[in-house]
Amino acid sequence: MNFIITTPLYYVNDKPHLGSVYTTIICDSIARYKRLRGEKVLFITGVDEHGLKIQRTAFNNGVSPKEHCDEISEIFKKNWLKWNISFNKFIRTTSPEHEKVVHEFYEKVKASNDIYMGEQKGWYCVGCEEFKDNPDNSPSYKCPIHKKNLEWKNENNLFFRLSKYQKAIEELIQDPEFIEPKERRNEIINFVSKGLKDFSISRTNLDWGIRVPDYINHTFYVWFDALLGYVSSISSDDNKYSLDSSIESGWPANVHIIGKDILRFHAIYWPAMLISAGMKPPKKILGHGFLTREGQKMGKSLGNVLDPENLLKKYGEESVRWYLLKDISLGSDGDFQDRRFVDIINNDLANTIGNLLNRTTSMSRKWFNNQTPPLSEKNNNELITLANKSTKNFLTYFDNFKIDKASNEILVFATNVNLYLNKKEPWSLIKDDKNINEVKLIIYNVLEATRIIGTLIRPILPEFSIKILYQLGENNIENKDWEENLKWGLLPESRSLPKPIPIINKLDYE
RNA sequence: GUCUCGGUAGCUCAGCUGGUUAGAGCGGCGGAUUCAUAGCCCGCAGGUCGCGUGUUCAAGUCACGCUCGAGACACCA
C-alpha cells in the first residue's frame with residue numbers, strides 16, 4: 001500500500017518562491033520519514049500549466065504558452081533537485097497522460113449526472129476577463145486593477161453539482177483528522193454550513209486549457225483540471241496510463257499538504273468531485289501557514305520578497321530546512337528573520353549538535369587509539385532512558401506531523417548529552433588510571449547517544465545526518481534499517497573513528 | 001458588517017478543564033571549566049500576562065465591552 005503525499009501543483013506563472021519551497025520541504029521530510037518507517041511512499045509534486053494568466057504571461061514575453069510552460073516547468077523540476085527534494089512524480093498538467101485522465105474523470109462525473117450546462121452571470125471586468133465578487137455598489141464599482149467599471153455579463157458554462165454533496169461533505173469534515181489545523185477546519189465547517197452551491201468547471205474565453213469533449217469551445221477550468229494532477233500523476237509513468245490504473249496504484253492520497261489559501265478547494269470541491277466519480281476522497285488536508293519577513297507580509301510592492309535561490313546559495317539547503325521545519329509550527333504563520341536564522345543554525349546545529357559530536361569523537365580518539373572505546377562491561381545509565389524517551393517522543397510527534405516538536409526533541413536530547421558529559425567530567429577522570437573503565441563507559445555512552453541523534457535527524461536533515469554518522473565511523477548508512485538503528489547499544493567497540501572535522505560551519509551576520 | 005483565531009520577558013513562543021514567588025529557547029550580562037567549532041555548563045535577567053469591567057475565597061486561565069493584528073464570508077494558483 002502506497003503512502004501518497006502531495007505538494008500543490010504549482011502555478012507556472014512565475015518561478016518558485018519561498019512559499020512553494022516551504023511546502024515542498026515539509027512534504028519532503030514527511031516523505032523521507034515514512035520511507036524510513038518502512039512505508040512505500042509516493043511523493044507527488046508538479047505544475048499547473050493552464051489558464052488565462054499563463055496564456056497572457058507567455059504572450060507578454062513573446063513566446064507561445066507551450067514554450068513558456070516548458071521553460072518554467074523545467075525550472076521547477078531542477079529547482080527541487082537542487083533542494084534535494086525526494087519526489088517520486090512530477091506531473092505537468094499539459095501532459096497527454098494528464099489530459100487523458102481528466103477526460104476519463106469527466107465521463108465518470110457526467111455519468112453521475114453531476115454536470116450540466118448553466119449560466120454564469122455576474123459583474124465582469126473586461127480587463128481581467130474575470131467575474132468579480134458582487135460589491136453592493138457594483139454598477140459604480142471600479143476594478144482596482146484596471147480602474148474600469150464592471151459590466152454585467154452572462155456566460156454559458158458547465159457546472160458541477162456540488163450542492164448534491166452537501167451532506168457527504170458535512171460528514172467528511174466532521175472527522176477532526178480530515179482538516180488540520182483546527183482553526184482552518186472551523187472555517188470550512190462554517191462555510192459548508194451556509195450551503196454549498198454548484199460551481200462552474202469550464203470556460204469559453206480560454207484557449208489554453210484542456211478541451212471539454214462535448215463542447216468544442218469550452219476548456220476545463222482550473223479546479224477541474226489542476227487538482228486531478230494528483231491522480232493522473234500516479235500512473236503517469238505507466239505504459240498504459242489511465243484513471244483506473246492510477247486508482248489501482250493506490251489512490252486515495254494520504255495527505256495533501258497545501259497553503260491555507262487553497263484549503264477550500266481541497267477540502268470541499270475536490271472531495272465532492274472524487275465522490276461523484278466514485279472515488280475515495282483524500283484522507284487528510286493539511287494547510288500550513290504563510291511566511292512573513294521580519295514581521296511583514298512579503299510582497300512585490302513591498303520589495304521584501306525573499307528569493308529562495310539566494311537563500312540556497314548563501315546558506316545551503318539544510319540550514320533553510322532546519323529553520324523552516326524546526327522554528328515554524330506547521331499550520332501557523334511563520335516569520336523569517338535573518339538574525340534569528342543565523343542564531344538558530346549556529347546554536348542548534350553547530351554548537352549543540354555539531355560541537356557535541358566533535359568533543360565526543362575527539363576524546364575517544366585521544367584516549368582510545370583513534371577508536372571507539374573497548375568495553376569490559378555494559379552498563380545501565382541515564383542516557384539510555386533519555387534516548388528511549390526522546391526517540392519515542394520524536395516518533396509520536398512526527399506521526400502527528402508536529403515536525404517542529406520532533407525537531408526540538410532531538411535538541412532536548414543533545415542538550416542532555418552535553419549535560420551528562422559536563423557532569424561526568426571524563427577529562428578529569430582520565431588523569432587517574434584507576435578510572436579507565438569508567439571513562440570507557442562514559443565515552444561509549446556519549447558516542448552512542450550522538451549516533452542516535454545523527455540517526456533521528458535523518459528525515460529532517462538527510463545530509464547532516466549522514467555526516468554525523470560518518471564521523472562516528474558508520475558506513476553504508478543508506479542500506480540499514482532506520483528504526484533498528486534507533487536502538488541503544490549498536491555502536492561497535494574499538495571501531496576506528498575518522499579525524500573530526502566540523503560538519504557545519506557557523507554563519508555570520510551580514 | 002457577521003464570524004474565527006491571536007495580542008504573555010528585547011525577539012519567537014509554552015502555559016490543559018481558574019489556585020503557592022508567570023515558564024522555555026534565542027539575544028544580553030556575569031561566572032566556572034577545557035574534551036570540543038571562543039564551545040559546553042552554571043547563575044542573573046525584575047514582563048501593567050493588549051485595555052476596562054464583572055464572576056469568584058482565588059483569573060494570564062471564565063463572562064461582557066473596547067482596542068490592535070491575522071484570517072473566513074464561493075469560482076483568486
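Since the model is a prediction, treat every value here as computed from it, not as a measurement. In the text below, chain A, chain B and the rest are named by the order of the sequence lines, each starting its count at 1.
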Please classify the nucleic acid contact of [X] as base, sugar-phosphate, or nothing, using heavy-atom distances under 4.0 Å.
| X | answer |
| --- | --- |
| R184(A) | sugar-phosphate |
| Y10(A) | nothing |
| F159(A) | base |
| L196(A) | base |
| S200(A) | base |
| G287(A) | nothing |
| K423(A) | nothing |
| S364(A) | nothing |
| I504(A) | base |
| I503(A) | base |
| F265(A) | base |

### Query
Could you write out RNA chain B as a dot-bracket string, with dots for unpaired bases, | for bases paired across to another strand, and Watson-Crick or G-U pairs counted at under 3.5 Å?
(((((((..((((.....[...)))).((((.(.....).)))).....(((((..]....))))))))))))....

Looking at [Y], is its backbone amide N or carbonyl O close enough to the side chain of [X] to form a donor-acceptor pair, meaning the two atoms are under 3.5 Å apart?
| X | Y | result |
| --- | --- | --- |
| S332(A) | I328(A) | no |
| Y215(A) | T204(A) | no |
| S390(A) | A387(A) | no |
| T360(A) | L356(A) | yes |
| D198(A) | F159(A) | no |
| S73(A) | D70(A) | no |
| E318(A) | E463(A) | yes |

Is there any protein nitrogen or oxygen under 3.5 Å from a nitrogen or oxygen in nucleotides 27-29 of chain B, and what are the pairs?
residue: G27(B); atom: OP1; partner: N347(A); partner atom: ND2; Å: 3.1

Taking atom [atom1] in both [N] and [M], what distance in whole Å separates the two?
| N | M | atom1 | answer |
| --- | --- | --- | --- |
| G18(B) | A59(B) | P | 13 Å |
| A72(B) | U56(B) | C1' | 36 Å |
| U37(B) | G31(B) | C1' | 22 Å |
| G60(B) | G47(B) | C1' | 12 Å |
| C49(B) | U61(B) | C1' | 10 Å |
| G23(B) | C16(B) | C1' | 15 Å |
| C68(B) | C76(B) | P | 30 Å |
| U33(B) | C41(B) | C1' | 8 Å |

Can you identify which nucleotide, out of [options], has its nearest atom closest to the [X] side chain?
| X | options | value |
| --- | --- | --- |
| I262(A) | U37(B), C42(B), A77(B) | A77(B) |
| W427(A) | U37(B), C35(B), A77(B) | C35(B) |
| N418(A) | U33(B), A74(B), C41(B) | C41(B) |
| Y269(A) | U37(B), C35(B), A74(B) | A74(B) |
| P502(A) | U37(B), A77(B), C3(B) | U37(B) |
| F191(A) | C73(B), C3(B), C41(B) | C73(B) |
| K366(A) | G71(B), A74(B), C35(B) | C35(B) |

### Query
F224(A) and F105(A): aromatic ring centres closer than 6.0 Å?
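Yes, the ring centres sit under 6.0 Å apart.
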
### Query
Who pairs with Y397(A) by ring-ring contact (aromatic ring centres under 6.0 Å, His included), at least two apart in sequence or on another chain?
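For Y397(A) there are no ring-ring contact (aromatic ring centres under 6.0 Å, His included) partners, ignoring immediate neighbours.
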
### Task
Check step by step if salt bridge (charged side-chain N to carboxylate O under 4.0 Å, His left out) holds for K15(A) and D307(A).
CA-CA 10 Å; K15(A) 283 189 254 182; D307(A) 179 12; over 6 Å; no

### Query
Want to settle it: does M363(A) or N416(A) sit nearer the 5' end of RNA chain B, counting the closest nucleotide to each?
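Closer to the 5' end of RNA chain B: M363(A).
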
[X] [atom1] - [N] [atom2] separation (whole Å):
| X | N | atom1 | atom2 | value |
| --- | --- | --- | --- | --- |
| H266(A) | C76(B) | NE2 | P | 16 Å |
| K431(A) | C35(B) | NZ | P | 7 Å |
| I189(A) | A72(B) | CD1 | P | 17 Å |
| L356(A) | C35(B) | CG | P | 16 Å |

### Query
Would you say the side chain of N351(A) and the base of C40(B) hold a donor-acceptor pair, judged only by whether the two atoms sit under 3.5 Å apart?
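Answer is no: no donor-acceptor pair is held.
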
### Query
Mind checking whether Y269(A) and F265(A) have parallel, tilted or perpendicular rings, split at 30° and 60°?
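Perpendicular: the ring planes of Y269(A) and F265(A) meet at over 60°.
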
Contacts under 3.5 Å, N or O only, protein and nucleotides 10-17 of chain B:
residue: C11(B); atom: O2'; partner: Q337(A); partner atom: OE1; Å: 3.4

### Message
Does anything in residues 319-333 of chain A form a salt bridge (Lys or Arg N to Asp or Glu O under 4.0 Å)? List the pairs, not counting sequence neighbours.
### Response
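Only D28(A)-R321(A), K260(A)-D333(A), K326(A)-D348(A), D327(A)-R340(A) qualify under salt bridge (Lys or Arg N to Asp or Glu O under 4.0 Å).
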
### Task
Examine R264(A) relative to F191(A) and say whether NZ or CZ is less than 6.0 Å from the centre of the six-membered ring and inside a 45° cone about the ring axis.
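Yes, R264(A) lies over the aromatic ring of F191(A).
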
### Query
K164(A): what forms a salt bridge (charged side-chain N to carboxylate O under 4.0 Å, His left out) with it, not counting sequence neighbours?
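Counting only residues at least two positions away or on another chain, K164(A) forms a salt bridge (charged side-chain N to carboxylate O under 4.0 Å, His left out) with D114(A).
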
